[in-house]
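Only one structure is covered here, and it is reproduced in the block below.
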Amino acid sequence: MAKLRQFLWAFRKYLMTVLFPILLLPLPVLVEGKESKCAYTIILVALLWCTEVLPLAVTAFFPIILFPMMAVMDASEVSVAYLKDTNILFIGGLLVAIAVEQWNLHKRIALRVLLIIGVRPVFLILGFMIVTAFLSMWISNTATTAMMVPIAQAVLEQLHKTPEQKDEEVGNINISFELQEPGAVTEKEPPKPDSSPAPAPVLLDNREKEREQLKFSQGMSLCVSYAASIGGIATLTGTGPNLVLQGQVNSLFPDNPSVVNFASWFGFAFPITVILLLLSWIWLQFLFLGFNLRTNFTYGGQAREKERAAYRVIQTEQKKLGPMTVAEKLVTVLFVLLVVLWFTREPGFFPGWGNVAFPNEKGESMVSDGTVAFFIGILLFIIPSELPGSQQQAPEGKLKAPPALLTWDIVNKKMPWNIVFLLGGGFALARGCETSGLSQWLGNKLTPLQSIPSPAIAFILCVIVAAFTECTSNVATNTLFLPILASLSQAICLNPLYVMLPCTVTSSLAFMLPVATPCNAIVFSFGHLKVCDMVKAGFLLNIIGILIITLAINTWAYPIFQLDHFPTWAQINSSATCSVNDQFNTSFVSP
């Protein structure tokens, strides 16, 4: 029996891959109609995504097999969903982000900001959170965390070293980082005989100091991880769920006037990021440092010496980068140009350059954010990384042209193609829901929710998504929930964005478990964090995040997305009869 259990556990992924499709077969066999067949595919994909028995990107290709075989959609129609404009925006944005990483521009920005803010404990945590959040707005959350954590560890080593350790140090290993328990004794502490008159006070003092150092290390690690997740919320390309929202809205409601674009999303999400970042900083400081201003604004007895040492670490790292190169300056210019073009393409509150230069019959911009991203991305492959005349001579004496700012080899190594396929699979599922009639069926079943106040609906859904995203990929979570939320909103004449926006932001609030996001896994791997530490810090942070999102969707989101009525672009696909000018829920008084 023991061997059987070991066998089943060892081969559990293979068994689940076979059992899930078989166990779900009664659904399409016993229930007729395209709706049941589409539901079978969605449930199967959801189970495989939640259990991760197959890579997420591989599971995302199930619709391209099952939908044509079950006569839900033609293969050509399913295939188109895998490379929508949202995927183009994701790839184009990542091209610029990869160029920023390739030329170490992100590291230069991070070190410069840290030098400006300072290295006192309270400011150090704030500085790392600001830098990490800002970088995470533009480049991958995982890449940002992977870059910032070693810098944080190097600074912590200098803050934690005693004068004796500095004198005797050979290499840069700090013993305090190897401690798993706060009460452990360092190897630097010499053994003392029992007859020694003062071993107990010294031992207690060392243990207390080690406990404080461990807490500060934990706070620094979590501040980087949390700031990376929070920063990704602010921009449309900052993290996967934001792009899933844009793609799902465009897929489910094709007549919408590009309601979710870079400018509108930034106007909604950036205030959430700022407020959540500030409250996270306060909570982490209270949890790991306390509110003792004397100790927080100065670090220990040798505060100035330790601060100078940590400051020198950051200065040394910056000096290693050398002066700003031509390539860095060019990437900076292109990056700024990209952001400006994104913001001014079709902002909504005034005619953008897209509306003026490239309008369609309705006056809307024919150029999308993805078009802009790829325009800048292609320029990176064209512009050389050095000025003419600064090229080095080849060994044969021939002139050697410098490489471009970006090469395909670099892109091929750093591009997360799995996310592109994952996004495509989500769009295919959403399209299948609409084509098969499953969305309409769900909407009819959800009409009793019309009696519940809309703020209560949004709050409950956020709590459910927050719990779900702790165990599942945030992109997969958003992909599964958004079509259902769209059907719900259509059934009760609620603006779809009123529930889709908050749940999208909530899917990024994965703060409690190491497996929730790669950012959490990175900081957890350094060893001075336990699961209970992350749960304790992340639980209240999740609650704070949900409350902030609820505030946002009921205040400043209204004028940005016109949430005070049920829009015509959503009513076209709805089976419910909704008046365009009616309030979407009379139980809620809009601001």
Side-chain angles (χ1 to χ4, degrees), residues 41 45-46 48-49 52 54-67 73 75-102 136-144 232 235-252 260-262 265 338 342 368-378 380-381 406-432 472-480 482-483 504 507-508 517-519:
T41 304
V45 170
L48 294 175
W49 270 342
E52 295 191 37
L54 291 174
L56 297 180
V58 174
T59 304
F61 284 109
F62 272 61
I64 208 171
I65 301 172
L66 296 178
F67 280 168
M73 295 171 64
S76 58
E77 190 179 357
V78 182
S79 301
V80 170
Y82 280 82
L83 200 61
K84 286 183 171 291
D85 182 67
T86 302
N87 299 79
I88 297 299
L89 172 60
F90 177 73
I91 298 172
L94 278 177
L95 290 177
V96 180
I98 291 171
V100 170
E101 290 182 53
Q102 172 66 18
S136 185
M137 290 166 58
W138 314 105
I139 65 177
S140 161
N141 299 353
T142 306
T144 302
T235 60
L236 194 59
T237 57
T239 187
N242 305 348
L243 291 167
V244 171
L245 170 70
Q246 187 198 43
Q248 297 280 28
V249 170
N250 293 338
S251 177
L252 296 171
V260 179
N261 54 48
F262 195 91
W265 177 265
L338 173 66
W342 268 343
S368 69
D369 290 333
T371 309
V372 176
F374 251 89
F375 169 70
I376 301 297
I378 291 175
L380 292 169
F381 288 94
L406 200 59
T407 63
W408 186 251
D409 288 339
I410 296 171
V411 172
N412 201 31
K413 291 176 182 177
K414 295 187 176 182
M415 178 68 71
W417 299 109
N418 58 325
I419 303 298
V420 178
F421 301 141
L422 184 57
L423 290 173
F427 300 151
L429 289 176
R431 185 60 183 165
T472 312
S473 161
N474 53 9
V475 176
T477 299
N478 220 32
T479 299
L480 295 173
L482 288 186
T504 295
S507 66
S508 294
T517 65
C519 303

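Remember, predicted model here, so these are calculated numbers, not experimental data. The basis for the numbers below is simple: all heavy atoms, side chains too, and nothing from hydrogens, waters or symmetry mates.
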| query | With sequence neighbours excluded, what pairs up with F62 under the ring pair (Phe, Tyr, Trp, His ring centres under 6.0 Å) test? | reply |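 In terms of ring pair (Phe, Tyr, Trp, His ring centres under 6.0 Å), with neighbours along the sequence ignored, F62 is linked to no residue.
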
| message | Once ring pair (Phe, Tyr, Trp, His ring centres under 6.0 Å) is applied, do any residues pair with F61, and if so which ones, sequence neighbours excluded? | response |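 If we apply the ring pair (Phe, Tyr, Trp, His ring centres under 6.0 Å) test to F61, skipping adjacent residues, the hits are Y82, F421.
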
If the condition is side chain to side chain contact (heavy atoms under 4.5 Å, CB included), which residues does [X] pass it with, not counting sequence neighbours?
X	answer
A476	W49, T472, S473
F381	L95, L406, W408, V411
T142	S140, P518, I522
S136	N141, T144, A228

Side-chain touch [X]/[Y], heavy atoms, less than 4.5 angstrom:
X	Y	value
N261	L236	no
V372	W342	yes
T477	P241	no
I98	M415	yes

| message | So, using salt bridge (Lys or Arg N to Asp or Glu O under 4.0 Å) as the criterion, who are the partners of E77 when residues are at least two apart? | response |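 Here the qualifying residues are R431.
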
Listed partners of [X] passing side chain to side chain donor-acceptor pair (under 3.5 Å), at least two apart:
X	result
S368	D85, T371
T59	none
N87	none
T479	none

| Roughly how far apart are F374 CZ and I91 CD1, rounded to 0.5 Å? |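 Here the interatomic distance stands at 5.0 Å.
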
| said: Could you measure the distance from the CD atom of Q246 to the CZ atom of F262? Nearest 0.5 Å is fine. | reply: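 Separation between the atoms: 10.5 Å.
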
Does [X] use its side chain to pair, donor to acceptor, with the backbone of [Y] at less than 3.5 Å?
X	Y	value
S79	A75	yes
Q248	L482	no
N242	T235	yes

| What pairs meet the side-chain hydrogen bond (donor to acceptor under 3.5 Å, both in side chains) rule with one or both residues in residues 412-425, with sequence neighbours excluded? |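 Residue pairs with at least one partner in residues 412-425: there are none.
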
| request: Run the numbers on L380 and V96 for side chain to side chain contact (heavy atoms under 4.5 Å, CB included), then give the verdict. | output: CA-CA 8 Å; L380 292 169; V96 180; 4.2 Å; yes

Closest heavy-atom contact between [X] and [Y]?
X	Y	result
P63	T41	CA-CG2, 4.3 Å
T504	S507	O-OG, 2.6 Å
A428	M73	O-SD, 4.4 Å
G240	L423	O-CD2, 4.0 Å
T239	S508	CG2-OG, 3.8 Å

| request: Given side chain to side chain contact (heavy atoms under 4.5 Å, CB included), test F427 with T86 step by step and report yes or no. | output: CA-CA 10 Å; F427 300 151; T86 302; 3.9 Å; yes

